[in-house]
Amino acid sequence: MEEQNHDFSQQLAEAEQRGYQRGLNEQITSKMMEPAVWESNAPEPDNAPREFQILASARKSIWDL
C-alpha cells in the first residue's frame with residue numbers, strides 16, 4: 001500500500017512539473033509573439049528629424065576661450 005502511495009505521489013509531482021513547464025513555454029511563446037521595443041512606436045525613417053536640436057548650437061566652454 002505504501003508503494004502505491006509513493007508511486008501516486010511521484011506521478012502527481014511529475015504531472016505538476018509538466019504543467020509548470022507547459023505554462024512557462026506558453027508564456028515564453030506569447031512574449032516572443034509581441035513586437036520588440038524598437039518595432040513598436042518607432043518613427044519611420046522619412047519622418048525622422050534631419051539633425052538633433054541639442055547639437056544645433058554648441059556652447060563655448062571655458063577651454064574654448
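Side chains are part of it too, since the values below use all heavy atoms of this structure and drop only hydrogens, waters and symmetry mates.
- Here E16 contributes atom CD and Q21 contributes atom CD; the two are 13.0 Å apart, rounded to the nearest 0.5 Å.
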Point to revise | Test side-chain contact (heavy atoms from CB on, under 4.5 Å) applied to Q17 and E14, step by step | key: CA-CA 5 Å; Q17 186 65 27; E14 290 173 359; 5.6 Å; no
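- Under a 4.5 Å side-chain heavy-atom cut-off, the cluster of Ile, Leu, Val, Met, Phe, Trp and Tyr residues that includes M32 is completed by I28.
- To the nearest 0.5 Å, atoms CG (D7) and CG (L12) are separated by 12.5 Å.
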